[in-house]
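Counting begins at 1 with the first residue of the sequence. Computed from a prediction, not measured in an experiment: that's the story for all the values here.
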Amino acid sequence: MPPTAPDPSSGEQLPVRTAAIWAALDPLVGAGTPLRVLDVGGGSGGFAVPLARLGHEVTVVDPSADALATLERRAQNAGVGDRVRGLQGDGDLLHELPLGGSGDSGDGGSYDLASYDLALCHAVLEVVDDPATTLGEITRALRPGGQVSVATANRAGAVLARALSGHPKEALALLEDRDPAPGRTRPARRRFAPADVLALVEGAGLRAGEWRGVAVVADLLDASSGADPTAVRRLELALAGASPYRDVATGLHVLATRP
């Protein structure tokens, strides 16, 4: 393992708000075995670069050319440019991309046999046209026994955040699964309940593990509060799997396996 690699368990150089996700990934990415990782919607490399520093090979698929340019610079600056590659494209059209691996011609042709050990689908299902299609594409990119990390926005957390920020009408709209700002030019961002996420995962043919809350308290703390990040991280990890706290987290996370 490279000496500069961050320790996901301790959260070194990693955001406190994602501590629960890293804790779930730790047994996989910290085992010392290099993995082939597919990061769909991975943008500028918030997960891809730390994973590459741990010795894994990461392919990031993102529709934004600007984000992928930032990813390339970030990976080069971290000394892992040879373990990170970016592909411009959409998660619901993975079969059109040169993902590589068994069954892929390497020139954009479709694949029959998947080869990725781990896929990340973080903050993606909220914004794609069809979450089920996207998750199905990601599932087909996994080898049997491979796993996918799904992180989405939590409807209950969004309701609480809007209410605490003094917007009760928007909070009520979110509670009722309505657009809190009708008439906007951009489509509304989806929020999910835990049952929604688990249904999507199972509908894609995946076997879901226990779901966790993401950023249970981190997003509620003012940046100027002076709270000790180590203490906040420990609290996040303690609350991530415990109801009723996880139920009102900013996000939801589940690690699922392709049988």
Side-chain angles (χ1 to χ4, degrees), residues 1 8-9 18 20-42 45 47-48 50-62 83-87 89-125 128-152 192 194-212 214 241 252-259:
M1 182 178 298
S9 296
T18 59
I21 298 177
W22 281 109
L25 293 176
D26 229 1
L28 295 174
V29 303
T33 302
L35 304 176
R36 294 195 72 221
V37 182
L38 176 65
D39 188 354
V40 177
F47 276 82
L51 286 171
R53 293 177 68 193
L54 287 169
H56 307 297
E57 294 184 5
V58 188
T59 297
V60 176
V61 174
D62 198 279
R83 289 198 292 272
V84 176
R85 70 164 174 157
L87 293 174
D90 297 313
D92 58 351
L93 296 172
L94 294 181
H95 63 276
E96 297 183 354
L97 299 176
L99 293 180
S102 300
D104 189 328
S105 63
D107 59 359
S110 62
Y111 50 83
D112 297 315
L113 300 175
S115 59
Y116 284 89
D117 304 298
L118 173 66
L120 309 184
C121 179
H122 297 166
V124 169
L125 301 183
V128 295
D129 292 335
D130 187 340
T133 296
T134 297
L135 200 52
E137 287 278 295
I138 293 172
T139 299
R140 286 187 288 275
L142 289 170
R143 63 168 176 77
Q147 295 183 278
V148 57
S149 171
V150 180
T152 69
F192 297 87
D196 299 331
V197 177
L198 295 176
L200 279 170
V201 166
E202 292 166 4
L206 297 162
R207 185 172 63 249
E210 184 179 5
W211 68 273
R212 297 175 176 227
V214 177
L252 306 170
H253 179 256
V254 63
L255 195 61
T257 305
R258 179 180 181 179

* Inter-residue atom distance Thr152.OG1 - Phe192.CZ, 0.5 Å rounding -> 5.5 Å
* Asked: How many angstroms lie between CD in Glu137 and CG in Leu97, if you round to the nearest 0.5 Å?
  -> 9.0 Å
* Asked: Is there a side-chain contact between Leu87 and Leu99 (heavy atoms, below 4.5 Å)?
  -> yes
* **Between OG1 on residue Thr33 and CG on residue Asp117, distance to nearest 0.5 Å** => 9.5 Å
* Output, in order, the C-alpha distance, side-chain angles, deciding distance and verdict of side-chain contact (heavy atoms from CB on, under 4.5 Å) for Val254 and Leu198. => CA-CA 8 Å; Val254 63; Leu198 295 176; 4.1 Å; yes
* Given Ile138, Leu35, Val37, Leu38, the one that forms side chain to side chain contact (heavy atoms under 4.5 Å, CB included) with Tyr116 -> Leu38
* Can you tell me how far CG of Leu118 sits from CZ of Arg36, rounded to the nearest 0.5 angstrom? -> 12.0 Å
* To do: Might you point out which heavy atoms bring Ser149 and Leu25 nearest each other, and give the distance in Å?
  => CB-CD2, 3.9 Å
* Asked: Taking C-beta and beyond as the side chain, do Pro131 and Thr134 meet within less than 4.5 Å on heavy atoms?
  -> no
* Indicate the atoms forming the closest heavy-atom contact of Arg140 with Arg258, along with that distance. => O-NH1, 3.7 Å
* Which pair of non-hydrogen atoms, one from Ala256 and one from Leu206, has the smallest distance, and what is that distance? -> CB-CB, 3.9 Å
* Asked: Below 4.5 Å, heavy atoms only, C-beta onward: do Pro50 and Trp22 meet side chain to side chain?
  -> yes
* Structure fact -> Correct closest heavy-atom pair for Gly241 and Glu210 would be O-OE2, 3.9 Å
* **Side chain proximity check, Val197 to Trp211, heavy atoms < 4.5 angstrom** => no
* Might you point out which heavy atoms bring Leu142 and Gln147 nearest each other, and give the distance in Å? => CD2-O, 3.4 Å
* Asked: With distance as the sole test, does Glu57 use its side chain to make a donor-acceptor pair with the main-chain N or O of Pro34 at under 3.5 Å?
  -> no
* Show your working on side-chain contact (heavy atoms from CB on, under 4.5 Å) between Asp90 and Val128 and close with a plain yes or no. => CA-CA 9 Å; Asp90 297 313; Val128 295; over 6 Å; no
* To do: Kindly indicate whether the side chain of Leu120, heavy atoms from C-beta on, has any atom under 4.5 Å from the side chain of Ile21.
  => no
* Taking all non-hydrogen atoms of both residues, which atom of Leu135 and which atom of Ala204 are closest, and how far apart? -> CG-CB, 4.0 Å
